[in-house]
Number of protein chains: 2
Amino acid sequence: MDQKTTRDPAMTDVARLAGVSHQTVSRVLNDHPNVREQTRLRVRAAIKELGYRPNRAARALVTGKTQLIGVVAQNSTLYGPASLLSAFEEAAGEAGFAVSVGRVKVLDRESIAAAVERHRDQRVAGIVVIAPNSSAADALADVPAELPLVTVDGDPDRSTPLVTVDQGVGAYDATTLLLQAGHETVWHVSGPTDWFDAAGRVHGWRRALEMHNAEVPPVMAADWSAASGYKAGQMLARMPEVTAVFASNDHLALGVLRAMHERGRRVPHDVSVVGFDDVPEAAYFIPPLTTVRPDFAAVARETLGLLLEQVSEGESAQSRRTIAPVLVQRESVAPPA
Amino acid sequence: MDQKTTRDPAMTDVARLAGVSHQTVSRVLNDHPNVREQTRLRVRAAIKELGYRPNRAARALVTGKTQLIGVVAQNSTLYGPASLLSAFEEAAGEAGFAVSVGRVKVLDRESIAAAVERHRDQRVAGIVVIAPNSSAADALADVPAELPLVTVDGDPDRSTPLVTVDQGVGAYDATTLLLQAGHETVWHVSGPTDWFDAAGRVHGWRRALEMHNAEVPPVMAADWSAASGYKAGQMLARMPEVTAVFASNDHLALGVLRAMHERGRRVPHDVSVVGFDDVPEAAYFIPPLTTVRPDFAAVARETLGLLLEQVSEGESAQSRRTIAPVLVQRESVAPPA
DNA sequence: CTGACGGGTGTTATCGCTAACATCATCGGT
DNA sequence: ACCGATGATGTTAGCGATAACACCCGTCAG
């Protein structure tokens, strides 16, 4: 009954059952044109009957190509990167590619290089690096040019193919919303300054202020955590002239919200707050947070597209794609009192 | 200068350079004992000089085995699952295995079966399924028995190899802490009842209450979100007899914290609260949250170990490993007023 | 009527590796 | 000095696919 040692059916088994050569089976599998319809059907039936599944290793060996994409990402559970990764895995899966993730503890040159090496060992068709800060971007210099590579959230000033959320536009829109509500100026609690995302948001915020001839207050630098948002919020809450705050992400915004609340400054009645990311909880903050929503699924799709272009055309297209985020208006913004 | 068409060096190239046969190179690579030290060094040098890297496809073809592990996980950004996945990828990477992640939108039988099929197409050495609820666990019946499989966070009542956090112990400890602080009983805000994690925590909580002859209040069922924690918290805040709450995760706890705060019930002076998960922000909640910390890295290690055991021994060990979480005491627990 | 053409199919070589067996020294025991 | 055991290495045969070419057959133009 049990034939444990029975090996999986191979192409020749299918060929024998269908009464054709294995090469014809291969042609059916790869949709070659010159196969009679009747033969095609016979082969298909045999494949089904045997439960045949092509051996990717054999195919990779002869073609020299795999259907694998390597991703290098930091070992973090921050909402943005995690969502992006998740979306990318889904998009790649739908396109018939498997995704191999190489996690890295810190984004330094050495770790990234090692992760890239591991992926090359696997003969991946291409690599995606989520490189949100400059040390990560630096590490990409080591990647051999012939390996298809796309950077996500990387350095906008570099020439590698890059897909990123348009931080500037998102921040500009958020800031403008606050100014148009009537606020004289908008304060900003920023993410870590060596992150491109954070830098881009600072830039967009400043541009909006300048565009409206508003005073540009000093940037409150923080990391991405609610804790640091809270600290920054405590300072802002003490300053009566602060009536509008744009936080670089929703967790920072949460910290600000809390600090304001503790100080008795009501949001949005006394102070308006806007975040960035639209984390799932944002709609349930008190008050529900107006924020900027990046389309991670779109970023993932574009990344995959750019990578596959390089894979098939061989050329490293010096290309860049930017995804505009949308402003999600909820209840944390109002005109100044 | 540019030899684009030059193919990667193969084993025979290394052999030629080292003046040995390709088989000897293979022996060096696989640490076979019968190779003279001097030869070994010569081969190593040649490998280095050529920048040779073994072709995994060729090896997989002849051995019939890959160094790939498939993971099936839900496409979610919940803290627990995301941390677990991240830790697993790291552990597997260190053990020389690549991880291919198959994301699934919903944990139903069909989606999971499809994801498993995709992994089988890739000839993965084994599969890990993060199966936190019963529909996911049901789907595992379809997985062929010969494929090494480990379930994480799965059904404790099933016979598949399983690694999981000891929800019962964690909940028991949390509840006991509150009882020993002097509270008459402890209320519980639970996660979705079809999740094994949530069920296990309910169980541990109830066991602790019964052990101490405390009254068992009705379970407040919620999902995992802060929003639902807030709703449950609003009810609890209105009930003066409620002095202690154990929430099934930190986000729920956050919602409870907020509801209490709004109602003017101070934590921990009037009401004590304990969470579960120890999310990074938990230490910065107001007040810093006492919670239960699962060791995701340990779960990942055990999962990998169990899987590799199956891979190498062929037998599907009917095994189960449980990781005890630790109670992290911060400032959200105090004796009743 | 014939030869060029092209659609449908089979045959053979090959990818880069490991398994299995073959070969050839070297060595210790009697 | 002979012989089998052992160690170090080479030789050969696949693994399961695709690529390249060969082949057979109609069809159609000249």
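So you know, we letter chains A, B, ... as the sequences are listed, proteins then strands, and number each from 1. Everything numeric in this text was worked out from a predicted model, so none of it was measured.
- Shown for residues 54-66 of chain B: residues whose heavy atoms fall under 4.0 angstrom of DNA chain D, namely B/L61, B/V62.
- As a whole-Å value, the separation of B/D31 CG from C/dT18 P is 12 Å.
- A 4.5 Å side-chain heavy-atom check between A/V129 and A/V152 finds every atom pair outside the cut-off.
- With a cutoff of under 4.0 Å to any heavy atom of chain A, the contacted region of DNA chain D is bounded 5' to 3' by D/dG16 to D/dA20.
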Which atom pairs link the protein and nucleotides 6-9 of chain C when you take only N or O atoms and keep those under 3.5 Å?
from  : atom 1 : to    : atom 2 : distance (Å)
C/dT9 : OP1    : A/R36 : NE     : 3.2
C/dT9 : OP1    : A/R36 : NH2    : 2.8
C/dT9 : OP1    : A/T39 : OG1    : 2.7
C/dT9 : OP2    : A/R36 : N      : 2.9
C/dT9 : OP2    : A/T39 : OG1    : 3.3

Under the side chain to side chain contact (heavy atoms under 4.5 Å, CB included) rule, what do B/Y79 and B/F296 come out as? Steps first, then yes or no, please. CA-CA 11 Å; B/Y79 178 75; B/F296 293 116; 3.9 Å; yes
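- Among residues at least two apart or in separate chains, there is no salt bridge (charged side-chain N to carboxylate O under 4.0 Å, His left out) pair with a member in residues 68-77 of chain A.
- In A/E117, the CD atom is crowded: over 12 heavy atoms of neighbouring residues, nucleotides or ligands sit closer than 6.0 Å.
- The number of heavy-atom neighbours closer than 6.0 Å to CD of B/E94, taken from other residues, nucleotides and ligands shown, is above 12.
- A salt bridge links B/R158 with B/D138: at least one charged nitrogen is closer than 4.0 Å to a carboxylate oxygen.
- In this structure, the side chains of A/Q122 and A/T66 stay at 4.5 Å or more apart for every pair of heavy atoms.
- If you measure from atom CG of B/N30 to atom C1' of C/dG16, you get 13 Å, rounded to the nearest angstrom.
- Atom pair B/L29:CG and C/dT18:C1' shows a separation of 11 Å (rounding to whole Å applied).
- Remark: side-chain polar atoms of A/H119 are not paired, donor with acceptor, to backbone N or O of A/A114 under 3.5 angstrom.
- Contacts of B/D157 classified as salt bridge (charged side-chain N to carboxylate O under 4.0 Å, His left out), with partners at least two apart in sequence or in another chain: none.
- The side chain to side chain contact (heavy atoms under 4.5 Å, CB included) check on A/R40 picks up A/V28, A/D31, A/V35, A/E37, A/R44, with sequence neighbours excluded.
- A salt bridge links B/E89 to A/R103: at least one charged side-chain nitrogen sits closer than 4.0 Å to a carboxylate oxygen.
- C/dA19 atom C1' lies 13 Å from atom CE of B/M11, rounded to whole Å.
- Rounding to whole angstrom units, CD of residue A/Q23 and C1' of C/dG10 are separated by 9 Å.
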